[in-house]
Amino acid sequence: MHKKSIVILGAGYGGIMTTIKLQKMLHVNEAEITLVNINDYHYQATWLHENAAGTLHHERTRIDIKDVVDLNKVKFIKDKILCIKPREKKVKLKRQEIDFDILVISLGFEAATFGIPGLEDHAFTISDINSARLLREHLEYNFALYHNEREKNPARLNIVVGGGGFTGIEYIGELANRIPELCEEYDIEKTQVRLINVEASSSILPEFDQQLAEYAMNSLEARGVEFITEAVVTECNPDSIVYEKNGKKEELPTMTTVWAAGVKANSIVEHAGLGTTHGKVEVRKDMRTTEYEDIFVMGDCALVRNTDTGNPCPPTAQIAIQQSKIVAHNIKSLVDGGEMKEFKPRLIGTIASLGNNDAVGSIYRQYKLRGWKATVAKKMSENQYLFKLGGFRLLMKKGKFNFFY
Ligand code: FAD
């Protein structure tokens, strides 16, 4: 009997959880499971803002694939995926081409720059370990250079974060903690550093109600963050950012623009011709594409709608992890002829960190959390994920237990 070849693209939240479930559900004689990822590690994308600020070392965020995937049951290929050929049932990698019977696409997100001039060339993004590390090192370099240059350039100490959504606010919250440390390290007066958030709408954190958004703004302002709201970024240069507010153009000198005002699905899915809406693949309720019986798309690459409102679900790790259960179940059904299940997103809770010991969150859309309670809840849910992924050993190695400081 022909053993089905199951290929999983991407070892992020969706891909790695699907792999781990499948390695338990399918016997090696039933199917050959292959996981392809650009690196030999999985990373906690939800911690990248901490790596980018320098408050958490990137080694904590990386998890070796061999530590969580059973390589006796799963073939792992470390390679860059270049394109998917759905009709030919092939995936082109940088070093080889592979065939599949069943494909899972879980290639995550990319920054969306909406064609704004200069952003792609001059702005930093927080999209993977290396982009986070680059940003951290750029900050440190500018602090070191400022102190040493004869003619001081204040733009080196102006840090602008574009976007007041989840990533932008979590990052600026970490920076508010990190800047006093950097100032001390590089002998710079804290008053010389500006942390500025530029946001197009009138408030921040649209995921939360007005009360929680105001709490977040007040907490960050108290730690030195400036907000420029109702301001639309129109241009980014190596040493400034231009925005429009009240019909007037303003230019802010900065050597550090961090673009966190939008993400889109990995562009590989759009180029694969899988039928996209706003760059994401429309999927059936069982997570397969509308056109192909044996291609699943999940996580940030899939367009999934809220069953009550019909609106697209925001791209979150929470949703990608939930989907892995259904995708793994449905793949097993394809292999051994069982029934397909439908994916129903459950929004359990959303918590945005505002730095080390402050956060805002809402649980089941009813209970509001703020301050240290929200921080504890967030760290607990992150620890829960580590436990699901790699059991007690991984939890003890990578978990967050510094709950109250
Ligand atoms: P990802 O986790 O992005 O994984 C994609 C994988 O594919 C990666 O391993 C990548 O290396 C690999 N890959 C990509 N391209 C290629 C290629 N060409 N070849 C080979 N491999 C490739 N969500 C929450 O639920 N809660 C939060 O608190 C939260 N906080 C966040 C904070 C930050 C700073 C960021 C950036 C995101 C946050 N998110 C949060 C969103 C969450 O991280 C994403 O929704 C989630 O990572 C999506 O999972 P995924 O499996 O679709 O893709």
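We're numbering straight along the sequence, starting at 1. In listed order, ligands and their atoms are each counted from 1.
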inquiry  = Any donor-acceptor pair under 3.5 Å linking the side-chain atoms of Ser267 with those of Glu110?
reply    = yes

message = Given a heavy-atom cut-off of 4.0 Å, could you list the residues near ligand 1 in chain and number order?
response = Gly10, Ala11, Gly12, Tyr13, Gly14, Asn37, Ile38, Tyr43, Ala45, Thr46, His49, Asp79, Lys80, Ile81, Ser106, Leu107, Gly108, Phe109, Ile126, Phe166, Thr167, Glu170, Asn266, Ile268, Gly299, Asp300, Pro315, Thr316, Ala317, Gln318, Ala320, Lys378

Pairs of donor and acceptor atoms involving the side chains of residues 340-352, under 3.5 Å and at least two apart or interchain, shall be tabulated with distances.
none

task = Keeping to residues at least two apart or across chains, list the ring-ring contact (aromatic ring centres under 6.0 Å, His included) pairs with something in residues 5-33.
result = Tyr13-His42, Tyr13-Tyr385

request  = Could you tell me which residues satisfy side-chain hydrogen bond (donor to acceptor under 3.5 Å, both in side chains) with His271, sequence neighbours excluded, listed by chain and number?
outcome  = none

key: Donor-acceptor side-chain pairing of Ser131 and Asp128 below 3.5 angstrom   = yes

message = Under 4.0 Å between a side-chain nitrogen and a carboxylate oxygen: does that hold for Arg136 and Glu174?
response = no

